[in-house]
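These figures come from a predicted structure and were not determined experimentally.
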Amino acid sequence: MPTPLRRSATVGSLVAAALAAGLLAVPQSASAADVRIHDIQGSTRISPFAGRQVDGVPGVVTAVRAFGSARGFWLQDPEPDADPATSEGIFVFTGSVTPSVAVGDDVRVSGTVTEYYPGGEAAGLQSVTQLTKAAWTVRSSGNALPAPVVLKASELPGRYAPDAHGGSVEKLPLKPGKYALDRFESLEGMRVSVKDAPVVGATSAYKDLWVTADPRHDRTARGGVLYGAYDDPNAARVKVASLIPYAQRSFPVANVGDVLTGTTTGPLDYDNHGGYTLQATELGTLADKGLKRETTRKQRDDELAVATYNVENLSPKAPQAKFDRLAGALVTNLAAPDVVALEEVQDDNGTTDDGTVAAGQTLRKLTDAIRAAGGPAYEWRQIDPVNDKDGGQPGGNIRTAFLFNPARVSFDDRPGGDSTTAVRAVREGGKAALSASPGRVAPADAAWTNSRKPLAGQFTFRGQRVFVVANHFNSKGGDQGLDSRFQPPARSSEIQRTQQARLVNAFVKDLLKADRRANVIVAGDLNDYQFSPALKALTAGGALTDQVTKLPKKERYGYVFQGNSQVLDHILTSSHVRRTDYDIVHINAEFADQASDHDPQVLRWRP
């Protein structure tokens with residue numbers, strides 16, 4: 001086999017920089033003597049050869065993807081340059097055709113350099129540099145593979161991404177020693193590994209999980225990593241998928257807190273379901289750390305227990321097993337709260353979009369399951385939305401709803417509430433009251449376009465009037481991802497959530513104007529963090545206190561997304577609601593086996 005061409009350590013990076021600056025013209029075709037993988041990858045996120053044909057690019061096959069519609073193989077140059085910004089690996093895309101190569105083959109590849117944007121360029125994600133329309137020649141087989149780069153805390157910068165003032169970082173020179181995203185990009189397509197990696201995101205239905213390469217950074221009380229600030233998204237997180245056929249090795253079913261012991265190795269890929277992904281050709285062994293589902297304590301006789309639970313698109317079409325699991329959690333893990341604010345309750349035929357908006361069958365099926373699980377005979381209150389106006393799955397007509405235990409608390413029914421009539425705070429007998437109960441908060445306001453309208457209810461507990469507002473603010477759909485090529489990423493959806501928060505804040509203030517001692521509890525899936533503009537707007541003026549801020553920092557989460565444990569659901573209270581005990585009950589988000597993707601939470605209050 002011919003000896004690979006060796007060059008000065010800086011030639012590749014100088015060529016790439018000159019090409020990027022437009023000082024050199026790229027020929028339509030180039031020989032192996034001219035172009036190697038690090039030249040193609042360059043020192044920015046976009047290849048200086050993008051759109052061009054290259055010929056005879058040398059490398060060793062390190063992994064093969066032989067399934068799906070994005071088949072191909074990873075190629076890595078065993079003769080790297082000395083520039084840490086230029087990757088030595090690249091993916092050769094063969095479409096739906098399984099490539100005729102094997103790991104360890106020494107090949108020469110010709111093809112077109114392209115930049116592939118997972119999810120489409122408009123999705124805002126970074127691109128993957130790859131070779132397409134490729135042809136190759138196998139020179140030899142059974143060659144040793146380049147040693148993997150070990151991902152570890154000491155070599156991953158704490159700063160996540162360069163600040164491009166919201167613009168694209170694609171043309172910025174990579175600084176892998178300064179930014180974690182740049183470090184990952186400089187390893188795109190190369191063999192990497194993690195060792196004894198803690199699992200921070202449970203195995204998903206897509207057969208992937210999340211680990212952290214920094215076991216000491218911002219760990220939660222139960223083994224995850226805490227997302228507690230926009231400028232610290234836990235830079236050492238990486239997703240792990242597998243290239244190993246399931247017939248040879250099943251993918252580990254892991255919960256948060258478990259550990260992938262030993263070494264997990266494979267090429268570093270990038271996709272639209274979580275960014276940088278280690279495509280494992282070697283999987284560590286799962287060490288089950290025995291994470292248990294939590295059970296909260298039972299409320300005392302003189303305590304009102306109010307919970308919130310996103311039941312994730314619940315309709316009669318859901319399997320009975322889901323109803324049974326939700327019911328069991330409400331009865332056992334949540335200790336049968338007196339009032340439950342439910343989110344994502346769908347109409348009686350789920351996503352069939354035929355004008356059905358009633359949800360009586362959905363709620364009856366749930367309350368029947370609760371009774372069968374030994375729970376109370378819950379009643380419910382809700383308001384049917386206008387068809388197809390509240391967002392969520394098309395045809396599903398999701399809404400918020402109240403369950404309540406009439407043996408413990410009474411619902412003060414007041415006529416007049418419907419899908420379009422706004423509930424008002426009124427003063428009666430020197431106390432605050434609702435003009436309608438249940439009633440919807442400002443349903444005609446543009447802030448609720450294609451979003452769920454808050455449901456307000458008036459309850460009585462041991463002679464005390466209590467107002468509960470159930471919420472499900474608009475989702476984060478449309479936001480740019482943490483790993484977006486636009487940095488810092490735009491969070492466009494928070495504009496609407498902040499508007500929604502202001503409306504709920506104003507409604508609570510109206511109740512407090514009617515009676516400054518009014519007992520108000522605001523609960524639900526607010527789809528935003530405790531440090532977000534939306535939560536600042538909701539608590540503005542001291543109208544409400546976010547109970548999550550009273551928890552120890554390591555316990556402030558109830559949802560796990562892309563390996564980040566975070567807060568989306570909240571319970572907030574007015575100033576007169578004192579002597580509270582608040583608990584996020586971890587039964588779903590950290591587990592591979594989930595009844596919902598959200599953890600419920602409960603507030604116990606002693607008037």
Side-chain angles (χ1 to χ4, degrees), residues 123-126 153 156-170 172 175 178-185 200-201 210 212-214 216-220 224-239 270 272-276 473-502 505 525-540 546-570 572 584 589 597-598:
L125 300 176
Q126 299 186 60
L156 282 172
R159 295 181 67 179
Y160 190 62
D163 185 353
H165 307 289
S168 174
V169 299
E170 288 183 321
L172 299 180
K175 297 180 179 180
K178 188 172 183 180
Y179 303 111
L181 272 188
D182 287 12
R183 174 61 170 158
F184 286 132
E185 176 64 19
V200 296
W210 287 78
T212 179
D214 187 354
R216 293 189 178 93
H217 184 72
D218 263 358
R219 301 297 298 277
T220 69
V225 289
L226 193 72
Y227 184 42
Y230 289 127
D231 60 357
D232 184 11
N234 298 304
R237 292 171 301 111
V238 65
K239 189 171 72 173
Y270 182 88
N272 61 330
H273 296 293
Y276 289 101
F473 286 3
N474 72 296
S475 76
K476 293 183 177 293
D479 287 5
Q480 293 170 349
L482 293 176
D483 55 299
S484 169
R485 67 180 182 275
F486 300 102
Q487 292 292 333
R491 301 183 296 272
S492 57
S493 69
E494 76 180 13
I495 297 172
Q496 185 177 4
R497 278 193 302 281
T498 303
Q499 294 169 344
Q500 293 172 346
R502 291 191 183 112
N505 174 273
D525 176 4
L526 304 184
N527 266 317
D528 227 330
Y529 318 116
Q530 69 274 26
F531 50 84
S532 66
L535 268 295
K536 290 177 181 177
L538 187 55
T539 57
D546 190 358
Q547 291 290 317
V548 75
T549 61
K550 294 185 175 183
L551 290 177
K553 181 181 177 182
K554 290 186 176 183
E555 298 178 16
R556 297 177 188 174
Y557 68 94
Y559 189 82
V560 180
F561 181 68
Q562 294 183 353
N564 270 329
S565 295
Q566 55 197 254
V567 175
L568 294 184
D569 306 82
H570 301 254
L572 304 96
I584 299 175
D597 50 351
H598 292 250

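For the pair Gln566 (side chain) and Asn564 (backbone), a donor-acceptor distance under 3.5 Å is present. Between the side chain of Asp182 and the backbone N or O of Lys175, at least one donor-acceptor pair lies under 3.5 Å.
By the side-chain contact (heavy atoms from CB on, under 4.5 Å) test, Ser493 pairs with Asn474, Lys476, Asp479, Arg497, sequence neighbours left out. Taking Ala161 as the reference, Leu181, Gln487 meet the side-chain contact (heavy atoms from CB on, under 4.5 Å) condition, with sequence neighbours excluded. Checked against side-chain contact (heavy atoms from CB on, under 4.5 Å), Asn272 has the following partners two or more places apart in sequence or in another chain: Pro118, Leu125. Here Arg502 pairs with nothing under the salt bridge (Lys or Arg N to Asp or Glu O under 4.0 Å) rule; sequence neighbours left out. Residues satisfying the side-chain contact (heavy atoms from CB on, under 4.5 Å) criterion with Phe531, sequence neighbours excluded, are Tyr227, Tyr230, Tyr529.
Across every non-hydrogen atom of Pro233 and Leu482, the tightest pair is CB-CD1, 3.7 Å. In terms of heavy-atom proximity, Ala501 sits nearest to Ala537 at CB-CB, 4.0 Å. Closest approach of Ser492 to Gly478, counting heavy atoms only: OG-O, 3.5 Å. In plain terms, the two heavy atoms of Gly201 and Val560 that are nearest each other are CA-CG1, 4.2 Å. What you find for His273 and Gln562 is that their closest heavy atoms are C-NE2, 4.2 Å. For the residue pair Gly224 and Ser565, the shortest heavy atom distance occurs at CA-OG, 4.1 Å.
For the atom pair Leu568 CG and Leu526 CG, the distance stands at 9.0 Å (nearest 0.5 Å). Considering CG of Leu538 and NZ of Lys536, their distance stands at 13.5 Å, rounded to 0.5 Å. Atom NE2 of His165 sits about 15.0 Å away from atom CZ of Phe486, to the nearest 0.5 Å.
Side-chain atoms of Arg219 and Leu226, non-hydrogen and from C-beta on, never get closer than 4.5 Å to each other. Put simply, the side chain of His217 reaches to within 4.5 Å of the side chain of Asp232, judged on heavy atoms. Here the side chains of Asn505 and Thr539 are not in contact, with every heavy-atom distance at 4.5 Å or above. Side-chain contact between Asn234 and Thr212: absent, with no pair of heavy atoms (C-beta onward) separated by less than 4.5 Å. Tyr559 has its side chain within reach of Asp597: a pair of non-hydrogen atoms, C-beta onward, lies under 4.5 Å apart. You'll find the side chain of Gln496 stays beyond 4.5 Å of the side chain of Phe473, heavy atoms only. For the pair Asp569 and Ile584, the minimum side-chain heavy-atom distance is 4.5 Å or more.
Side-chain contact, Tyr270 with Asp483: a donor N or O sits under 3.5 Å from an acceptor N or O.
Pairs of residues two or more places apart, or lying in two chains, that qualify as salt bridge (Lys or Arg N to Asp or Glu O under 4.0 Å) and include a residue from residues 551-564 are Asp218-Lys553.
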